[in-house]
Asks: 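Quick one: this structure, given as structure tokens, is what I'll be asking you about.
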Amino acid sequence: MVTGACRPRTQLAPLTRRRCLAGLAATSLGLRGDPAHAARPPRIACLEWTSAEMVVSLGIGPVAVADTKGYRDWVAGPALPAGCLDLGSRGEPNLELLLELKPDLITGAYGYGLDEAPFRRIAPLHTVPFYDGTEAPYRQAEIETLKLGSQLGREAEAQRLIQATATAIAQIREQFSQRAKQPLAVVSMFDDRHVRVYGKGSLFQDVLDRLSLTNAWTAPTDSWGFSMLGIEELVAIGEARVISLDPIPPHVKIRIDQSSLWANLPCIKAGNVRTIPPVWPFGGLAAAARFATFLAWA
């Protein structure tokens, strides 16, 4: 953003939910390729959710994805096609089904510990090396989007996805520049006593930096960019805003609502907790755009 007294300030339209949704759809779902691509889509099977998100973002519907219900619950967007088959657990995908499907390509991601040999005997395997320490997650997402786009003959779609994501985040940053900025912490809740907080080394941190927002959580994180801690340790962020990611399991939500430990945190007493729809913390550019868009609503 260019600033200076001699430069007129552009008047931006209000950031409504409808405008956010439109921008998000253009970023993560609008890259469908040309008619030739649509007529001859490659058959792709995805062993986990990060590469599945990337494949869909490039305009290709996978024939199968491991744990499709989990994808719809925890990743949510871009949406899987209705006919996408479930490969079973991400830790133990169904090899028999893969053999029957005869995919042109199988995709996976760094960190799942699967033996690659059985999959390579079925089809070429493309592994997305996110969180391997070579690059920050957002930059890695750009690099891997280009690599996958090249392999799939979707170079133009990959370039457009990179540009659309950067543009969407820049526009949201402009909107935040007109509002008071308060430090925030981004959390996932899996039980009523512990919380995962995202910080340095996470995709969310990269997006916060691009939005010129301050992360209230500055403690060390693991190689995946988060800290796992007791809920009482959130006292360290004071009255900072808390952005809680859906989904929260219903039984956990009930216990948290009844927890005096949770209720007595300064951020809770101040009414500074907001819940946003699911965003896959270990996702690619579509996840980055979703996160920035939902922050603008929160």
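Along the sequence shown, residues carry numbers from 1.
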Asks: For the atom pair CG (Asp192) and CE (Met189), what is the distance rounded to the nearest 0.5 Å?
Replies: 11.0 Å
Asks: Are Thr145 and Leu58 close enough that some pair of their side-chain heavy atoms sits under 4.5 Å apart?
Replies: yes
Asks: Taking all non-hydrogen atoms of both residues, which atom of Glu48 and which atom of Gly108 are closest, and how far apart?
Replies: OE2-C, 3.4 Å
Asks: Any chain of hydrophobic side-chain contacts (each under 4.5 Å) joining Ile143 to Val55?
Replies: no
Asks: Which pair of non-hydrogen atoms, one from Leu105 and one from Pro124, has the smallest distance, and what is that distance?
Replies: CD1-O, 3.4 Å
Asks: Can you confirm whether Ile44 sits close enough to Pro103 that some side-chain heavy atom of one is under 4.5 Å from a side-chain heavy atom of the other?
Replies: no
Asks: Less than 3.5 Å apart, any donor N or O on the side chain of Gln163 or Thr167 sitting next to an acceptor on the other?
Replies: yes
Asks: Hey, is the main chain of Val128 close enough, under 3.5 Å, to the side chain of Thr50 for a donor-acceptor pair?
Replies: no
Asks: Let me confirm one number: the CG-OH distance from Asp86 to Tyr71, rounded to the nearest 0.5 Å.
Replies: 13.5 Å
Asks: Checking side chain to side chain contact (heavy atoms under 4.5 Å, CB included) for the pair Tyr198/Ser227: CA distance, chi angles, key distance, verdict?
Replies: CA-CA 6 Å; Tyr198 301 93; Ser227 305; over 6 Å; no
Asks: I want to check something: taking the side chain as every heavy atom from C-beta on, are Thr107 and Leu47 in contact at a cut-off of under 4.5 Å?
Replies: no
Asks: When you measure from the side chain of Gln159 to the backbone N and O of Ile162, does any donor-acceptor pair fall under 3.5 Å?
Replies: no
Asks: Side chain of Gln182, backbone of Glu239: donor and acceptor closer than 3.5 Å?
Replies: yes
Asks: Can you give me the closest heavy-atom contact between Ala52 and Cys46, atom names plus distance?
Replies: CA-SG, 3.6 Å
Asks: If we ignore hydrogens and angles and just use 3.5 Å, is the side chain of Asn94 paired with the main-chain N or O of Gly88 as donor and acceptor?
Replies: no
Asks: Counting C-beta onward and ignoring hydrogens, is there a side-chain heavy-atom pair between Ile231 and Ser259 closer than 4.5 Å?
Replies: no
Asks: Is there a path of hydrophobic side-chain contacts, each under 4.5 Å between heavy atoms of I/L/V/M/F/W/Y residues, joining Ile254 to Phe190?
Replies: no
Asks: Start with the C-alpha distance between Val242 and Ile237, add both sets of side-chain angles, then the distance that settles side chain to side chain contact (heavy atoms under 4.5 Å, CB included), and finish with yes or no.
Replies: CA-CA 9 Å; Val242 173; Ile237 68 171; 3.7 Å; yes
Asks: List the steps, then state whether side chain to side chain contact (heavy atoms under 4.5 Å, CB included) holds for Leu245 with Val187.
Replies: CA-CA 6 Å; Leu245 300 176; Val187 306; over 6 Å; no
Asks: For residues Leu152 and Pro42, report the shortest heavy-atom separation together with the two atoms involved.
Replies: CD2-CG, 4.3 Å
Asks: Is any side-chain heavy atom of Leu85 closer than 4.5 Å to one of Leu101?
Replies: yes
Asks: How would you list, by chain and number, every residue that makes a ring pair (Phe, Tyr, Trp, His ring centres under 6.0 Å) with Phe282, sequence neighbours excluded?
Replies: Tyr131, Trp224, Trp280
Asks: I'd like to know if Val195 and Ile276 are part of one continuous hydrophobic network [Ile/Leu/Val/Met/Phe/Trp/Tyr, side-chain heavy atoms within less than 4.5 Å].
Replies: no
Asks: Using the rule that Ile, Leu, Val, Met, Phe, Trp and Tyr join whenever any side-chain heavy atoms are under 4.5 Å apart, tell me whether Leu184 and Val273 fall into a single cluster.
Replies: no
Asks: About how many Å separate CE of Met228 and CZ of Phe226, when rounded to the nearest 0.5 Å?
Replies: 7.0 Å
Asks: Can you tell me if Arg154 uses its side chain to pair, donor with acceptor, with the backbone of Leu148 under 3.5 Å?
Replies: no
Asks: Side-chain donor-acceptor contacts of residues 200-213 below 3.5 Å, not counting sequence neighbours, with atom names and distances?
Replies:
from   : atom 1 : to     : atom 2 : distance (Å)
Ser202 : OG     : Gly199 : O      : 2.7
Ser202 : OG     : Gln205 : N      : 3.0
Gln205 : OE1    : Asn215 : ND2    : 2.9
Gln205 : NE2    : Asp209 : OD1    : 2.9
Asp206 : OD2    : Tyr138 : N      : 2.8
Arg210 : NH1    : Asp206 : O      : 3.3

Asks: Does the side chain of Phe294 reach to within under 4.5 Å of the side chain of Pro277, using non-hydrogen atoms?
Replies: yes
Asks: Do Thr127 and Leu125 touch side chain to side chain, with heavy atoms closer than 4.5 Å?
Replies: yes
Asks: Do the charged groups of Glu116 and Arg120 touch, with an N to O distance under 4.0 Å?
Replies: yes
Asks: Which heavy atom of Leu285 sits nearest a heavy atom of Ala141, and at what distance?
Replies: CD2-CB, 3.9 Å
Asks: Roughly how far, to the nearest 0.5 Å, is CG of Leu98 from CZ of Phe119?
Replies: 6.5 Å
Asks: Quick one: CH2 on Trp217 to CZ on Arg196, what's the gap to the nearest 0.5 Å?
Replies: 14.0 Å
Asks: For atom CZ of Arg193, decide whether the heavy atoms of other residues, nucleotides or ligands shown that lie under 6.0 angstrom number more than 12.
Replies: no
Asks: Is the backbone N or O of Pro281 less than 3.5 Å from a side-chain atom of Trp74, with the two atoms forming a donor-acceptor pair by type?
Replies: no
Asks: For the residue pair Val197 and Leu234, establish whether any side-chain heavy-atom pair is separated by less than 4.5 Å.
Replies: yes
Asks: Main chain of Gly284, side chain of Glu53: is a donor-acceptor contact present, judged purely on distance under 3.5 Å?
Replies: yes
Asks: Ile169 and Ala292: which non-hydrogen atoms are nearest, and at how many Å?
Replies: CG1-CB, 4.0 Å
Asks: May I have the step-by-step check of side chain to side chain contact (heavy atoms under 4.5 Å, CB included) for Leu229 and His194, ending in yes or no?
Replies: CA-CA 6 Å; Leu229 55 139; His194 301 88; over 6 Å; no
Asks: Look up atom CZ in Phe291 and atom CD1 in Ile172, then write down how far apart they are to the nearest 0.5 Å.
Replies: 10.5 Å
Asks: Report yes or no: does Arg241 contribute a side-chain atom to a donor-acceptor pair with the main-chain N or O of Val186 at less than 3.5 Å?
Replies: no
